[in-house]
Amino acid sequence: GLSDELGHSLTHEWQPPADQPSAKATVAVTAATNHVMSECSGNLLSFADSMAQAAQFYDATDSANAGAVIHTMNPLK
């Protein structure tokens, strides 16, 4: 079959077995990852709230300024 045809052209490099982390290390890494994710999500929510507040402020400011420009550019009726 195909594997027989490729068998002569492929070389396999032996790799020693990789060290496996202990259960204690795995739990510690998982806990650290969860902590970082929690901090990041909290900071992103805070950032999103700040952006929303800034957008509302600028929207109100733009509306007020646009109204003032309209009143100064148009003659009184």
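Quick caveat: nothing in here was measured; it's all calculated off a predicted structure. In this chain, numbering begins with 1 at the start of the sequence shown. Hydrogens, waters and symmetry mates are skipped; everything else that's a heavy atom, side chains included, is used.
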Without swapping roles, check the side chain of Thr33 against the backbone of Val29 for a donor-acceptor pair under 3.5 Å.
-> yes

dist Leu45:CG -> Cys40:SG (nearest 0.5 Å) comes out at 11.5 Å

Any donor-acceptor N/O pair, Ser46 side chain to Gly42 backbone, under 3.5 Å | no

Please round to the nearest 0.5 Å and tell me the distance separating atom OG1 of Thr61 and atom CD of Gln56.
-> 11.5 Å

